[in-house]
Amino acid sequence: MKIGVVAPARGIDEALAARALGLAAVAMPEVDLVFHPQCFLSEGHFAGSDAVRAAAFLEVANDPAFDAIWFARGGYGSNRILHSVMPQLGAAARRKTYLGFSDMGFLLGALYAAKVGHPVHGPMASVAGSGDGGAAFARSLLWLTKKDRSVLDPGLDGRSAAAFNLAILTALIGTPWLPDLTDHVLIVEEVSEPLYRVDRMLFTMAHATQLKGLAGVRLGQVSEVVNNDPPWGESLETMIARWCGEMRVPYLGRAEIGHVRSNRVVPFGVA
């Protein structure tokens, strides 16, 4: 199996890529893990210009020799290439699995909306350097290569699901890149935000006309919360239950996804 790694947002360094290649070689020597040279570029915040990042993604997506694309890392930037890459995806791109999360939710959502390939929310190649002994890295690799169900979020129940970082989800609302999530269980997570901003994003989610018809909502990890001044004074469980009430969809409890080492795998649609 041949897996291509590209960086539609921020890049990584060659030392981290070497660690990822070493982990893959030990865990699954039959896998050919290929880092596109674009992953190591730097142009301001990004791994190369918008045009360079778009070209690298299209090169691997449209190459029938690759079975899957594993995104290198998040950050910000994949939204800036949607308008150029989505119309250029060909037949080979429609057969691939695409795995990542965080900022990559822009691409995962757009791919799912266009019914291109198999988008999956899960740990990215950069977790090779997370210090967890390669556990998160292995989870994604096991799904990409073997569709090993042991790596899935344990709350998946056979219904269609989709998982997003909350900031990415709310940025997609009102755009053509947000998929139709009717009858889906929507799972959200967040990182590095004060709770008042989480509350504001949940307001947008709850009242977005494009999100009518959800089967339910689950909450992943909300990590590295920025302190409120004054203190927020409301628990996350209370907050999301309140907004689900306004949304008139059931709150279905917690999920094991997010910007944490325990981040599990959630395929878009039915696992």
Side-chain angles (χ1 to χ4, degrees), residues 2-11 34-39 41 43-122 124-125 140 143-144 160-182 184 186-188 204-205 208-211 266-270:
K2 190 173 184 179
I3 300 172
V5 183
V6 295
R10 295 178 64 192
V34 180
F35 282 81
H36 193 285
Q38 172 267 329
C39 292
L41 299 180
E43 184 168 321
H45 180 89
F46 308 107
S49 67
D50 292 350
V52 165
R53 299 195 322 279
F57 174 73
L58 287 169
E59 179 185 336
V60 179
N62 287 329
D63 186 344
F66 287 94
D67 301 290
I69 287 182
W70 195 359
F71 295 120
R73 68 178 295 182
Y76 171 73
S78 68
N79 58 321
R80 291 165 55 123
I81 66 172
L82 291 181
H83 71 287
S84 61
V85 301
M86 293 306 297
Q88 298 186 66
L89 293 171
R94 296 181 177 277
R95 296 190 290 269
K96 285 181 172 59
T97 298
Y98 300 82
L99 193 149
F101 82 113
S102 192
D103 184 76
M104 296 305 108
F106 283 118
L107 269 166
L108 297 177
L111 290 164
Y112 195 53
K115 298 180 171 57
V116 172
H118 309 284
V120 181
H121 181 287
M124 290 179 280
S140 289
W143 182 259
L144 286 170
S160 293
F164 286 95
N165 174 266
L166 188 56
I168 304 306
L169 174 71
T170 54
L172 282 166
I173 289 169
T175 75
W177 314 119
L178 181 69
D180 180 2
L181 297 178
T182 302
H184 286 60
L186 173 62
I187 310 173
V188 294
T204 302
M205 180 191 80
T209 57
Q210 282 178 289
L211 290 177
V266 177
F268 280 48
V270 179

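Values in this document were obtained by computation on a predicted structure and should not be read as measured data.
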Report the distance from atom CD1 of I81 to atom CZ of F106, rounding to the nearest 0.5 Å. 11.5 Å
side-chain contact (heavy atoms from CB on, under 4.5 Å), that's the test. Do L89 and F57 meet it? Break it down for me. CA-CA 10 Å; L89 293 171; F57 174 73; 3.9 Å; yes
What are the two closest non-hydrogen atoms of G122 and S140, and how far apart are they? C-OG, 3.9 Å
Any donor-acceptor pair under 3.5 Å linking the side chain of K96 with the backbone of I69? no
Tell me, do V266 and I187 make a side-chain contact under 4.5 Å, heavy atoms counted? yes
Are any of the side-chain heavy atoms of L144 and V120 separated by less than 4.5 Å? no
Nearest non-hydrogen partners of H36 and E59, listed with the distance: NE2-OE1, 3.0 Å
Could you check whether any side-chain N or O of Q210 sits under 3.5 Å from a backbone N or O of L178, counting only pairs where one atom can act as donor and the other as acceptor? no
Polar side-chain atom of D67 near backbone of K2 as donor-acceptor pair, under 3.5 Å: yes
Measure the acute angle between the ring planes of F268 and Y112, then classify it against the limits of 30° and 60° as parallel, tilted or perpendicular. perpendicular
Looking only at heavy atoms, what is the nearest atom pair of G117 and Y98, with distance? CA-CE1, 4.0 Å
Any side-chain heavy atom of V85 sitting closer than 4.5 Å to one from L107? yes
For the CD1 atom of I173 and the OG1 atom of T209, what is their distance to the nearest 0.5 Å? 8.5 Å
Could you measure the distance from the CG atom of L99 to the CG atom of L108? Nearest 0.5 Å is fine. 7.5 Å
Donor-acceptor pair, distance only, cut-off 3.5 Å: does the side chain of Q38 make one with the backbone of V6? no
Where A125 and V5 come nearest, the two heavy atoms and their spacing: CB-CG1, 4.1 Å
Between N165 and S102: side-chain donor-acceptor atoms closer than 3.5 Å: no
Side chain of N62, backbone of Q88: donor and acceptor closer than 3.5 Å? yes
Taking all non-hydrogen atoms of both residues into account, name the closest pair between R95 and P64 and its distance. NH2-CB, 4.2 Å
Do you know which two heavy atoms are closest between F101 and M124, and how far apart they sit? O-CE, 3.5 Å
Answer yes or no: is there a side-chain heavy-atom contact under 4.5 Å between M104 and P8? yes
So L111 and M86, side-chain contact (heavy atoms from CB on, under 4.5 Å) or not? Walk me through it. CA-CA 8 Å; L111 290 164; M86 293 306 297; 4.1 Å; yes
Within the side chain of R80, is there an N or O that forms a donor-acceptor pair under 3.5 Å with the backbone of A9? no
Looking at CD1 of I3 and OG1 of T97, how far apart are the two atoms once the value is rounded to the nearest 0.5 Å? 9.0 Å
F66 side chain near V34 side chain, heavy-atom distance below 4.5 Å: yes
Look up atom OH in Y76 and atom CZ in R10, then write down how far apart they are to the nearest 0.5 Å. 13.5 Å
Rounded to the nearest 0.5 Å, how far does CZ of F71 lie from CG of D103? 10.0 Å
Ignoring hydrogens and geometry, is there a side-chain-to-backbone donor-acceptor pair from R73 to G11 under 3.5 Å? yes
